[in-house]
Number of protein chains: 2
Amino acid sequence: MARRSDHTREELTAIVIDIAELIVASDGLAGLSARKVATEAGYTVGTLYLIFKNIDGLITEVNLKTLKQLEGEISQALQGISKPEKAIAMIARTYLNYATTRSKRWRAVFDHQLPADDVFPEHYHQQVAQLFSLIESPLKLLRPDESQAAIIREARAIWASVHGLAMLSVGEKLNPADAEPIEILDLILNRIIGFDPQGGRK
Amino acid sequence: MARRSDHTREELTAIVIDIAELIVASDGLAGLSARKVATEAGYTVGTLYLIFKNIDGLITEVNLKTLKQLEGEISQALQGISKPEKAIAMIARTYLNYATTRSKRWRAVFDHQLPADDVFPEHYHQQVAQLFSLIESPLKLLRPDESQAAIIREARAIWASVHGLAMLSVGEKLNPADAEPIEILDLILNRIIGFDPQGGRK
């Protein structure tokens, strides 16, 4: 294991976030503790708290990496797609796929609650806004005559629907085991934006 | 405070669930502990574990009461409504309203994760199925020619959308602050079932 003197503060920050990311990805938020991260990094818990104000600061950075990874996957999936309804459907499908295949780290984004006196850093809000904007761009193309307010409302409707479906698919409580999530998704997309799942991928 | 000899096992079970329910409603799942419930009931933690196998058994009963209360509110809201699309819209609106006005106990239903080796009791699954069936009944009236599989798929699509919207409205992370949840809900209902929010309440 590395010793304190081996790393700069920036290096140590990156190492700690990487370790926490792996723990969250395999064991979820419940598996994460400052002690565990510190031990795996080869440092003391005290050193950890020199970098992060509290465990929530570390979780926020892990969740930020999750949101960035999700955005990266969506951007990649969108390459070569020009029709706006196909683009929106691809965003939704990529989101559902991300949530179900990396459910622990995805859930951590929504399970994490900040202490009452804490706030998210500005770059976290920016990342969330960037994710939202992904769906607003093709929606504007699909609805050239709609107001910005109507675009935002519809974008939120799509996000909410897909997010709820992902939640119910990943959770073990209201699991729609008697209907395939992807079929439910296609029904939602068909009704909201007129997406035709048989219409090919471009 | 009551002493052990004052209550039968059934009475004590009800008292303990009621106390846990109040704690969850005001402080959420994070505020609940066996010690806190036992202290408020005037019993020892040991006595609590004579009634419930573990804290998850108690949380499950609290969540069951939440689902029953939600079902009761929906049933009440449906009285006098005959048109199926109005009934579905009323179920959705009542759900969203319940989630936002009693967010802590509502969230507890979805935040609670059973230990890996544990399962929900049969009456819990029945309660969930009963909630799902509420939306399937009017949907069958609305779509008399659809197969049962198509009805279930569409019912899940509506649940998922409304649930996701409730999650995003109650959570503090992806809060659609720039659009009113009820307007987003009406858009979803309009697109999925052709609901007209201006069409009156019956």
Side-chain angles (χ1 to χ4, degrees), chain A residues 28-30 60 63 67 96 107 109-115 119-120 124-125 127-129 131-132 148-181 183-194, chain B residues 28-30 60 63 67 96 107 109-115 119-120 124-125 127-129 131-132 148-181 183-194:
Chain A
L29 213 51
T60 298
N63 287 343
L67 293 176
L96 182 63
R107 272 206 73 122
V109 173
F110 300 96
D111 286 349
H112 179 222
Q113 312 255 20
L114 277 187
V119 291
F120 286 111
Y124 189 91
H125 290 294
Q127 179 61 49
V128 171
L131 263 173
F132 273 139
Q148 178 65 9
I151 295 289
I152 286 177
R153 190 158 55 236
E154 186 163 352
R156 297 295 183 272
I158 297 169
W159 266 124
S161 303
V162 178
H163 178 69
L165 180 61
M167 276 280 169
L168 297 185
S169 302
V170 168
E172 285 143 51
K173 236 148 282 158
L174 300 178
N175 197 341
D178 43 14
E180 284 296 321
E183 290 178 10
I184 299 175
L185 179 67
D186 283 348
L187 186 149
I188 291 170
L189 293 170
N190 179 265
R191 297 288 167 83
I192 297 184
I193 57 160
Chain B
L29 212 50
T60 298
N63 287 343
L67 293 176
L96 183 63
R107 271 206 73 122
V109 173
F110 300 96
D111 285 349
H112 178 223
Q113 310 255 20
L114 277 186
V119 290
F120 286 109
Y124 189 91
H125 289 296
Q127 180 61 48
V128 170
L131 263 173
F132 273 138
Q148 177 66 9
I151 295 290
I152 286 177
R153 191 158 53 234
E154 187 163 353
R156 297 294 182 275
I158 298 169
W159 267 123
S161 303
V162 178
H163 178 70
L165 180 61
M167 275 280 167
L168 296 185
S169 303
V170 168
E172 286 143 48
K173 236 147 285 159
L174 300 180
N175 197 342
D178 42 14
E180 284 297 320
E183 289 178 11
I184 299 175
L185 180 66
D186 283 348
L187 186 150
I188 291 171
L189 293 169
N190 179 265
R191 298 287 168 85
I192 296 186
I193 57 161

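Chain letters run A, B, ... following the sequence lines, proteins first and then strands; every chain starts at 1. Quick caveat, the model's predicted, so the values are computed rather than measured.
Rounding to the nearest 0.5 Å places CD of Q113(A) at 10.5 Å from CG of L29(B). Atoms CD and CD1, on E154(B) and I188(A) in that order, are 10.0 Å from each other to the nearest 0.5 Å. In this structure, the separation between NE2 on H163(B) and NE2 on H163(A) is 7.0 Å, given to the nearest 0.5 Å. Taking CD1 of I184(B) as the reference point, atom CD1 of I152(A) lies at 10.0 Å (rounded to 0.5 Å). Separating the CZ atom in R191(A) from the CG atom in N190(B) is a distance of 12.0 Å, to the nearest 0.5 Å.
No other option in I158(A), I192(A), I193(A) has as many heavy-atom pairs under 4.5 Å with chain B as I192(A).
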Carefully, step by step, assess R156(A) and L168(B) under the rule side chain to side chain contact (heavy atoms under 4.5 Å, CB included).
CA-CA 9 Å; R156(A) 297 295 183 272; L168(B) 296 185; over 6 Å; no
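Contact annotation for L187(B): only side-chain heavy atoms (C-beta onward) come within less than 4.5 Å of a heavy atom of chain A.
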